[in-house]
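Let me begin by presenting the structure, written as structure tokens, before commenting on it.
Along the sequence shown, residues carry numbers from 1.
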Amino acid sequence: MAATVTPAVDDTPSPSSTRRERTGWYFYDWAMSAFSTTVITVFLGPFLTTVTELAAGCELGADTCSGYVYPLGIKVAAGSYFPYLVSLSVFLTVFVLPVVGAFADRTAHKKRLLAAAAFTGAAATVGMLFVTGDRYLLGGALFLVANIAFGAGVVVYNSFLPQLGGPDDRDGISSRGWALGYLGGGLLLALNLVAVTMLGEEGNDQRTLDLARWSIVSAGLWWAVFTLVPLRWLREHPTAEALTARGGNVLTDGFRQLGRTLRQMKAYPLTLYFLLAFLVYNDGIQTVIALASQYGTEELRLGQSTLIVTILLVQFLAFGGALLLGALARRIGAWKTVLLSLVLWTGVILAAFRLPAEAPVPFMVLGAAIGLVLGGSQALSRSLFSQLIPAGREGEYYGFYEISDKGTSWLGPLAFGLVFQLTNSYRVGLVSLLIFFVVGFVLLLAVPMRRAILAAGNTPPRVL
């Protein structure tokens with residue numbers, strides 16, 4: 001199957017890796033993205049909320065449910081259970097991911113750590129098969145395990161990037177990985193949506209719930225099966241420190257190293273400044289993704305079918321967008337390309353403000369624009385950060401990067417919610433997100449990238 005989906009793009013060999021190894025790395029993105037799209041974006045929220053409502057005594061298919069559940073004796077509205085779980089998982093990852101990164105840097109067997117994270121997350125996802133009836137606590141526990149394991153796998157996966165190519169190769173490598181992830185995630189989501197459409201029965205809410213459960217399980221199986229490709233094709237690139245750590249306790253040494261890194265990060269203020277810029281503009285990106293469906297239904301009064309088509313459009317066009325911006329980065333540099341993408345994101349927000357209500361086509365066109373700019377801005381941010389990491393600290397720094405990616409994703413929704421509460425307008429709430437892209441642009445523009453890369457002890461790429 002790998003031969004049929006590998007992007008037909010130039011893959012210039014680098015001195016540190018082979019084409020086979022880089023293709024294996026790309027395929028972990030293909031594997032794990034099924035969890036992001038099928039589970040998180042589409043199916044899990046409605047599925048687990050329905051199970052929780054059943055536990056609260058509500059009827060299956062009821063339009064409203066005002067019941068409560070009591071996990072650990074805490075009174076929780078059934079509709080709030082899943083959002084609270086998401087917040088709890090994000091809170092826990094703040095503590096887990098840097099430790100995982102430190103552990104990855106101290107072990108000579110990084111692939112084993114990747115396997116542990118991936119198979120743990122995949123097993124928890126497949127375990128949703130047993131979330132039947134009113135087993136909302138089981139579903140919540142499995143989600144926490146799966147989401148934390150997903151973040152841990154991303155940290156280990158990203159830490160391979162600096163070892164797969166030189167400074168001039170990483171933008172292309174990162175872009176191809178991100179592109180393949182969008183393609184894989186979109187393909188499984190499309191298959192699941194086709195299955196739900198063909199096998200579902202109007203008015204049969206139990207059948208709908210069962211189909212959602214099996215769609216979630218399929219993502220866990222996809223994640224596990226395709227993880228076998230990177231585990232087979234990736235090679236270990238242990239650092240000198242990892243090799244010397246074999247005689248000690250890698251886990252406790254990893255905790256000690258994490259403490260040292262936290263103290264030493266102040267020696268790299270420009271790296272921290274880049275993280276701040278990424279935190280700001282990425283929060284805007286994540287908020288647009290998270291609230292696009294709500295904006296479409298509540299403000300634009302669009303149907304569910306329009307939203308589903310737009311989600312798939314974003315997924316598949318993000319594949320091409322990541323490759324397109326990756327190619328542009330080879331010409332003008334990743335830093336300038338990310339700055340350009342933030343200008344394009346600003347245009348997306350302004351265009352969304354002017355979208356007419358009950359008009360599916362303009363909304364889909366805007367979704368296409370989001371897809372084209374989405375993958376590239378994320379992929380190139382990842383490769384840019386790889387240039388700012390001191391050698392041998394890839395796992396730890398990508399742990400903090402992943403926290404910046406996921407751990408602060410509440411800022412944008414908070415701003416959106418506050419503005420909506422004051423103005424009662426989703427359009428004005430959406431425009432409030434412009435500040436994240438404008439401030440993020442200014443902060444990133446202020447980072448002297450070449451000096452920052454040299455300060456981290458690395459060689460700058462020829463084009464920035």
Indicate every side-chain donor-acceptor pair of residues 454-464 with a distance under 3.5 Å to a residue at least two apart or in another chain.
| from | atom 1 | to | atom 2 | distance (Å) |
| --- | --- | --- | --- | --- |
| Asn458 | ND2 | Gln387 | O | 2.8 |
| Asn458 | ND2 | Ile389 | O | 2.9 |
| Arg462 | NH1 | Asp168 | OD2 | 3.1 |

Side-chain donor-acceptor contacts of residues 179-197 below 3.5 Å, not counting sequence neighbours, with atom names and distances?
| from | atom 1 | to | atom 2 | distance (Å) |
| --- | --- | --- | --- | --- |
| Tyr182 | OH | Gln378 | OE1 | 2.7 |
| Asn192 | OD1 | Ser218 | OG | 3.3 |
| Asn192 | ND2 | Leu188 | O | 3.3 |
| Asn192 | ND2 | Ser218 | OG | 3.1 |
| Thr197 | OG1 | Leu193 | O | 2.8 |

Residues 441-449 side chain polar contacts: donor-acceptor under 3.5 Å, at least two apart:
none

Under 3.5 Å, side-chain donor or acceptor atoms of residues 116-131 against the rest of the protein: list the pairs with distances, not counting sequence neighbours.
| from | atom 1 | to | atom 2 | distance (Å) |
| --- | --- | --- | --- | --- |
| Thr120 | OG1 | Ala116 | O | 2.6 |
| Thr125 | OG1 | Gly121 | O | 2.8 |

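Contacts of Arg20 classified as side chain to side chain contact (heavy atoms under 4.5 Å, CB included), with partners at least two apart in sequence or in another chain: Thr18, Arg232, Trp233. Remark: Trp345 engages Phe437 in a ring pair (Phe, Tyr, Trp, His ring centres under 6.0 Å) (not counting sequence neighbours). Annotation: ring pair (Phe, Tyr, Trp, His ring centres under 6.0 Å) contacts of Tyr268 (sequence neighbours excluded): none. Applying the ring pair (Phe, Tyr, Trp, His ring centres under 6.0 Å) criterion to Tyr281, with sequence neighbours excluded, gives Phe278. Every residue meeting the side chain to side chain contact (heavy atoms under 4.5 Å, CB included) condition with Ala334, not counting sequence neighbours, appears here in chain and number order: Asp171, Ala329, Leu380, Leu384. Listed by chain and number, the residues in a salt bridge (Lys or Arg N to Asp or Glu O under 4.0 Å) with Arg170 amount to none (sequence neighbours excluded). Residues passing the salt bridge (Lys or Arg N to Asp or Glu O under 4.0 Å) test with Arg331: none are found, sequence neighbours excluded. Under the salt bridge (Lys or Arg N to Asp or Glu O under 4.0 Å) criterion, Arg213 pairs with Asp210, not counting sequence neighbours.
Listed for the Tyr81 side chain is a donor-acceptor partner under 3.5 Å among the backbone atoms of Tyr136. Under the 3.5 Å distance criterion, the side-chain polar atoms of Ser159 are matched with a main-chain donor or acceptor of Val156. Between the Thr271 side chain and the Leu388 main chain, a donor and an acceptor come within less than 3.5 Å of each other. Side chain of Glu236 to main chain of Lys110: a donor-acceptor pair is present (N/O by atom type, distance under 3.5 Å, no hydrogens or angles). No side-chain donor-acceptor contact under 3.5 Å links Thr107 to the backbone of Phe103.
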side-chain contact (heavy atoms from CB on, under 4.5 Å) between Leu307 and Phe363: does it pass, once the steps are laid out?
CA-CA 9 Å; Leu307 298 179; Phe363 185 76; 3.8 Å; yes
Could you go through the side-chain contact (heavy atoms from CB on, under 4.5 Å) check for Phe47 and Leu44 one step at a time?
CA-CA 5 Å; Phe47 169 77; Leu44 185 61; 4.2 Å; yes
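With values rounded to the nearest 0.5 angstrom, Phe35 atom CZ is found 9.5 Å from Ile216 atom CD1. Separation of atoms CG (Leu328) and OG1 (Thr337) is listed at 4.0 Å; rounding is to 0.5 Å. For the atom pair OG1 (Thr93) and CD (Glu402), the distance works out to 8.0 Å, reported to the nearest 0.5 Å. To the nearest 0.5 Å, atoms OG (Ser174) and CZ (Phe385) are separated by 12.5 Å. Atom CG of Leu275 sits about 11.5 Å away from atom CG of Leu270, to the nearest 0.5 Å. Taking CG from Leu231 and CG from Leu114, the interatomic distance works out to 5.5 Å, rounded to the nearest 0.5 Å.
A heavy-atom distance below 4.5 Å is found between the side chains of Lys111 and Phe160. Contact annotation: the side chain of Ser89 never approaches that of Leu92 to less than 4.5 Å [non-hydrogen atoms, C-beta and beyond]. You'll find the side chain of Val154 reaches within 4.5 Å of the side chain of Asn158, heavy atoms only. Leu48 has its side chain within reach of Leu85: a pair of non-hydrogen atoms, C-beta onward, lies under 4.5 Å apart. Residues Thr23 and Arg19 have side chains in contact (heavy-atom distance under 4.5 Å, counting atoms from C-beta outward). When side chains are defined from C-beta on, Val42 does not count as touching Thr37, because their heavy atoms never get closer than 4.5 Å. Side-chain contact between Ile40 and Asn147 is present, with at least one heavy-atom pair separated by less than 4.5 Å. Here the side chains of Val76 and Pro71 are in contact, with some heavy-atom distance below 4.5 Å.
Contact detail for Gly24 and Val229: the closest heavy-atom pair is CA-CG1, 4.3 Å. Annotation for Phe274 and Ser381: closest pair CZ-O, 3.8 Å, computed over non-hydrogen atoms. Leu366 approaches Ala352 most closely through the heavy-atom pair CD2-CB, 3.5 Å. When all heavy atoms are compared, the tightest approach of Val348 to Ala369 is CG2-CB, 4.4 Å.
The ring of Phe226 has its center closer than 6.0 angstrom to the ring center of Trp222. Aromatic pair Tyr157/Tyr398: ring centres not closer than 6.0 Å.
When the options Phe27, Tyr28, Tyr26 are evaluated for a ring-ring contact (aromatic ring centres under 6.0 Å, His included) with Trp30, the one that passes is Phe27.
Summarising the local packing, CG of Leu221 is surrounded by more than 12 heavy atoms from other residues, nucleotides or ligands at distances under 6.0 Å.
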